Every structure is written in structure tokens, then in C-alpha cells.
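The structure appears right after this line, and notes come after that.
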Protein chains: 2
Amino acid sequence: MPDPLVRKLQRYGPLSDADRLWLAEALGTRRQVAARTDIVVEGEDPRAVNVVLDGWACRYKQLADGRRQIVSLILPGDPYDSNPFLHDRMDHAVCALTPVILAHVRGSAMQDLTARSPNLNEAFHRETLANASIQREWTVSLGCRTGIERLAHLFCEVFARLAVVGLTKDSTCSFPITQNDLADALGQTSVHINRTLQDLRAAGLITLRGRQLTLHDPDGLARLAYFDPAYLHFTVDEADLGALVRE
Amino acid sequence: MPDPLVRKLQRYGPLSDADRLWLAEALGTRRQVAARTDIVVEGEDPRAVNVVLDGWACRYKQLADGRRQIVSLILPGDPYDSNPFLHDRMDHAVCALTPVILAHVRGSAMQDLTARSPNLNEAFHRETLANASIQREWTVSLGCRTGIERLAHLFCEVFARLAVVGLTKDSTCSFPITQNDLADALGQTSVHINRTLQDLRAAGLITLRGRQLTLHDPDGLARLAYFDPAYLHFTVDEADLGALVRE
DNA sequence: CGTCGTTTTGATGAGCCTCAAGGTGTGTGG
DNA sequence: CCACACACCTTGAGGCTCATCAAAACGACG
């Protein structure tokens with residue numbers, strides 16, 4: 001398994017061979033988690049970091065009456081802090097959307113890592129900032145994009161994020177979540193997601209079949225979605241989705 | 001002007017007298033900004049921190065066709081990083097919603113501060129995490145709360161955040177933004193906000209007149225909004241809005 | 001006293017939800 | 001190997017929430 005974490009962090013700035021080595025060492029044993037199960041966290045060191053190496057996960061919150069909102073997607077290569085706060089109860093949950101392979105960097109190891117390598121320190125810091133930025137963009141999507149724009153925007157974002165860790169091929173990537181999950185992420189019902197998907201297909205912009213997403217017209221999709229990848233904050237400038245697909 | 005920043009940070013953990021003193025020193029000269037003007041940032045040290053001491057501001061993003069989404073509110077006592085990223089262009093803007101008084105802590109001063117005081121370091125860290133949590137909650141609001149729930153939730157959140165910095169009196173606080181701003185924050189039109197406001201008033205839950213918000217039934221409002229203040233992550237446990245009002 | 005930003009009201013229609021049922025695919029057990 | 005179950009996707013009909021457009025009332029301020 002080529003390490004998606006390294007690929008990810010590299011997009012925020014250069015890493016030395018030593019950095020890569022240290023990072024590989026710090027990643028402890030891998031753990032398998034089944035789809036549709038919460039990734040629970042035993043009493044957790046706030047400095048520790050978990051990483052999804054394979055599969056998709058999400059953060060979600062649930063209202064008392066059962067309504068669920070997926071507030072972010074966690075893709076291969078994404079580190080995530082499982083602990084929102086030291087003394088507080090968890091205010092949201094993390095859940096595997098597909099079978100997931102996790103690695104865990106202990107708090108002490110993490111501290112060593114960032115102390116030894118300014119590059120890694122910087123990269124992790126940027127990761128945090130980029131996540132905040134993505135969260136803001138989701139707020140924008142839910143606040144002022146229409147149904148079809150939201151869906152198109154999510155496809156653009158996911159494709160771009162997967163491209164960065166080398167998980168796209170031509171204009172295709174894996175897209176293994178259900179329409180129900182999409183609905184919970186985009187603030188709509190699965191029925192309506194289904195209809196909107198058909199519109200996108202009819203417009204010749206994408207196909208989504210058998211957990212595979214293909215972008216037939218990345219630029220058109222980005223235009224429809226008002227997608228501007230700047231908010232992803234990768235330093236290497238991949239100006240547009242088209243470039244990602246062409247590469 | 002009693003310092004709302006100190007009051008805010010104290011809610012994340014205890015501060016010593018020395019902490020308070022250092023912090024007061026670090027806050028440089030104050031700056032006035034007129035309402036409805038962007039708070040622009042000259043080439044900015046990424047470690048620097050700005051603080052709103054008085055007035056309300058917001059972060060917003062705008063789509064190419066003009067649609068605006070307010071992604072967060074910045075209230076008195078809220079520190080905010082003006083720099084999303086060092087080398088990147090700004091991916092969102094910060095704007096004064098009312099006349100605002102700002103203070104600025106230079107990067108070097110900030111570094112001294114956190115190096116000298118573990119308390120302050122911890123408090124600022126928690127502030128960052130709390131902000132991320134608030135952003136997630138906004139995602140939930142936009143994704144799965146109805147119009148009236150959204151509005152009620154925002155009122156609860158704002159009241160709780162203002163209570164923490166001592167800016168509420170009985171069950172009343174200042175609420176100086178227009179229905180248009182509310183609309184841009186909650187992903188609706190001002191027309192519909194207006195009608196929803198009337199519903200809240202008719203239900204006897206609030207009054208909002210002359211920039212003053214009064215909660216007549218905080219518990220009822222919280223119930224309607226599915227408001228659970230845990231996501232604000234103040235360490236002192238003010239279990240519910242009611243307690244805030246009664247105090 | 002007039003101007004301008006803000007709030008309020010009305011009428012109409014689009015977007016999305018709800019409920020309900022039928023279709024498709026995949027894995028499982030007999 | 002077939003039959004069944006179950007999860008997921010798809011389709012239809014009807015209704016509610018909210019947007020849009022337009023205009024009137026209100027209020028603060030010069």
C-alpha cells in the first residue's frame with residue numbers, strides 16, 4: 001500500500017527522505033474497521049493522530065430526533081483527530097462509510113515527529129487549516145448552492161482530494177458511498193439526490209455506477225458548481241480540475 | 001472597557017493574574033473599523049492574532065454570481081486569524097457588521113505569550129478547537145434544521161456566547177445585525193427570515209426590536225432548536241441557556 | 001421634511017420533502 | 001444452483017417550505 005498520508009502531506013510542502021522515514025515509523029500497527037461502524041475512541045491522548053489509509057469515513061452529528069448530518073468526509077491519507085476535547089464529551093462521531101484501514105500515531109510519537117521535523121510540523125499544521133477551510137466551504141454549499149450545484153461541488157472536491165493522493169486514474173475515481181450517505185452530507189433526501197444525479201448524468205457531466213465516479217467534463221462540472229480549488233490549499237498549484245484529470 | 005478577551009479565555013480554563021497582565025500588554029493599540037467594511041489584512045504574520053473587542057464581524061464567502069454566505073460570526077472577545085494561509089490568497093473575507101473595535105497581537109508577542117504561559121497557550125488552543133466545533137454545528141444547522149429551528153439555534157448560540165463575555169443582562173442582549181445579514185448566515189432570504197421571526201415572536205419565545213434580543217423562554221427556544229451548548233466547549237458547565245439567563 | 005436603508009406584506013411558483021411502491025443487484029442458505 | 005432476503009436505487013403523486021418579484025410601511029438621520 002503506497003502511503004497516502006505521505007502523498008497528502010507533500011502537497012503542503014516538501015518532505016525530506018528522513019521525514020518520510022520517520023513518518024512511516026511513527027504510524028503504528030494498522031487496524032481494520034468494518035463499514036457502517038463508529039470508530040470509537042478509547043480514552044485518547046489529545047496529541048495523538050489517527051489516519052485513514054484506505055476506505056472512506058465521515059464525521060457526523062445527529063439531532064435528538066434522529067436527523068443525521070455528515071459534516072465532513074475523511075478520505076485515504078486524511079489524518080483526523082478523534083478527540084475534540086480533553087475533558088469534554090465527544091460532540092460528534094466518526095464513522096466508517098466503507099471498510100476502513102486506520103493507523104494511529106501516539107501522542108508522544110507525534111510530539112517527537114514535529115519536534116524533529118519542521119517540515120512535518122508545518123505540513124500537519126497546514127492540514128488542520130485546510131480542514132477548517134473545507135468545513136467553511138461545506139457551509140457555503142449548504143447555505144447557498146442549489147441541489148445540483150452541491151452535488152457537482154462535492155464530486156469536484158472529492159475528485160481533487162483523491163487526485164492528490166494518487167487515487168484517480170484518468171477521469172475516474174472510486175466513489176463507494178450510498179445515495180443515502182450523499183443525502184446526509186448534502187442536506188437533502190436520498191430521493192432527491194437520486195433525481196439530481198440523473199440530471200447530472202443527462203447533462204453528460206458524470207457517470208456514477210458500481211461505486212465508480214467518472215467526470216466526463218471536469219471544467220463544465222466545476223463551472224456548474226462554482227468550484228474553485230483554492231480552498232483546498234494545496235501549495236502545488238493545480239489550477240483546475242481539468243489539469244488533475246489530464247495529468 | 002472590561003476586556004472580553006480575558007473573560008472569554010477564562011471560560012476555557014483558569015488564568016493567573018500574571019496571565020491577564022501579559023495578555024493586556026500584548027494587545028496593541030486599538031483600531032476602529034466602520035460597519036459594512038471589509039477588515040483587510042496587510043501582509044500578515046501567520047502567528048499574529050486579531051481580536052474583536054467591541055461590535056460584531058463575520059467571515060463570509062461569495063460565489064462568482066454574487067450569492068453571499070456568512071460562514072461565521074465574530075463576537076466581542078473572539079480572536080480571529082486573518083490569515084488563512086501564508087503563501088495563499090485569502091479564500092474568504094472578514095467584514096465588520098457593525099462598527100468594530102479591534103486589537104492586534106503581533107506574531108512575536110503571541111509567541112512570547114504562549115511560551116511564558118501554559119494557561120494562555122491552552123486557552124488559545126481550545127479557542128481554535130471550539131471554533132471548529134461551531135463551524136461543524138453551523139453545517140448541521142444548514143444541513144438539517146428547518147428555518148425556524150435555524151433561527152432559534154442561532155439566537156441560542158449568540159446568547160450563550162455573549163453571556164460568557166458578560167454581554168447579556170437578564171434575558172436580553174444586543175443583536176445589532178439586519179435581517180439581511182441573518183438571511184446570509186442562515187442560507188435563506190430576508191423575506192423568509194422576516195416571516196420566521198414573526199412566528200418566533202408569535203410563539204412568545206423572543207422579541208427582537210431595536211437591535212435588542214430578548215429570550216422569553218430560553219428552555220423552550222433551546223428545545224425547539226435542538227440546542228445543546230456542549231459544542232461551545234466552555235469548561236465551566238452552564239448546563240443550559242436557562243441557567244445563563246437566570247444568573 | 002425628504003431620503004435611504006430596513007422591515008413588512010402579498011401573490012405566485014419552484015425546489016425539495018414525504019409517502020409509497022416497484023425494480024435491481026448481491027450475498028446467503030437450503 | 002436456485003430461491004430468498006436485504007440493501008440500495010428508482011419512479012410517481014401530492015404537498016409544504018421557501019424563493020422570487022414587487023410594493024408599501026416604517027424609522028433613523030441629515
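Every value quoted in this text rests on a predicted model; they were computed, and no experiment measured them. All chains are named by letter (A, B, ...) in the order of the sequence lines, taking the proteins before the strands, and each is independently numbered beginning at 1.
We find that CZ of Phe175(A) is positioned 15 Å from C1' of dC9(D), with the value rounded to whole Å. We find that CD1 of Ile148(A) is positioned 14 Å from C1' of dC16(C), with the value rounded to whole Å. Atom NE2 of His192(A) is separated from atom C1' of dG15(D) by 14 Å (rounded to the nearest Å). The interatomic distance linking Glu149(A) (CD) with dC16(C) (P) rounds to 9 Å, in whole Å. As rounded to whole Å, 16 Å separates atom C1' of dC17(C) from atom CG of Leu186(A). Atom CD of Gln188(A) is separated from atom P of dA14(C) by 18 Å (rounded to the nearest Å). If you take CG of Asp181(B) and P of dG5(C), they are 14 Å apart, rounded to a whole angstrom. Between the P atom of dC8(D) and the CD1 atom of Ile177(A) lies a distance of 12 Å, rounded to the nearest Å.
Checked by atom type and distance alone, the side chain of Arg67(A) pairs as donor or acceptor with a backbone atom of Cys144(B) at under 3.5 Å. Panel note: side chain Arg68(A), backbone Lys61(A); no donor-acceptor pair is recorded below 3.5 Å. Side chain of Arg150(B) to main chain of Leu186(B): a donor-acceptor pair is present (N/O by atom type, distance under 3.5 Å, no hydrogens or angles). At least one donor-acceptor pair under 3.5 Å links the side chain of Asp78(A) to the backbone N or O of Leu75(A).
Within the nucleic acid shown, Gly187(A) comes within 4.0 Å of sugar-phosphate atoms alone, with no base atom in reach, counting heavy atoms only. Nucleic acid contact class of Arg67(B) (heavy atoms, under 4.0 Å, all strands): none. Using a 4.0 Å heavy-atom cutoff across all strands shown, Arg211(B) reaches sugar-phosphate atoms only and no base atom.
The side chain of Asn194(B) places no N or O atom within less than 4.0 Å of a non-bridging phosphate oxygen (OP1 or OP2) of dT7(C). The phosphate of dT7(C) (OP1 or OP2) has no side-chain N or O of Gln198(B) nearer than 4.0 angstrom. Distances shown here put every side-chain N or O of Arg145(B) at or beyond 4.0 Å from the OP1 or OP2 atom of dT17(D). Taking 4.0 angstrom as the limit, Gln179(B) places a side-chain polar atom (N or O) nearer than this to OP1 or OP2 of dT8(C). The phosphate of dC16(C) (OP1 or OP2) has no side-chain N or O of Thr189(A) nearer than 4.0 angstrom.
Donor-acceptor pairing under 3.5 Å, judged by distance alone, is present between the side chain of Arg195(B) and the base of dG10(C).
Each of Ile193(A) and Val191(B) lies near DNA chain C, and the nucleotide nearest Val191(B) is the one positioned closer to the 5' end.
Relative ring orientation between Tyr231(B) and His153(B) is described as parallel, the plane-to-plane angle staying below 30° on a 0-90° scale split at 30° and 60°.
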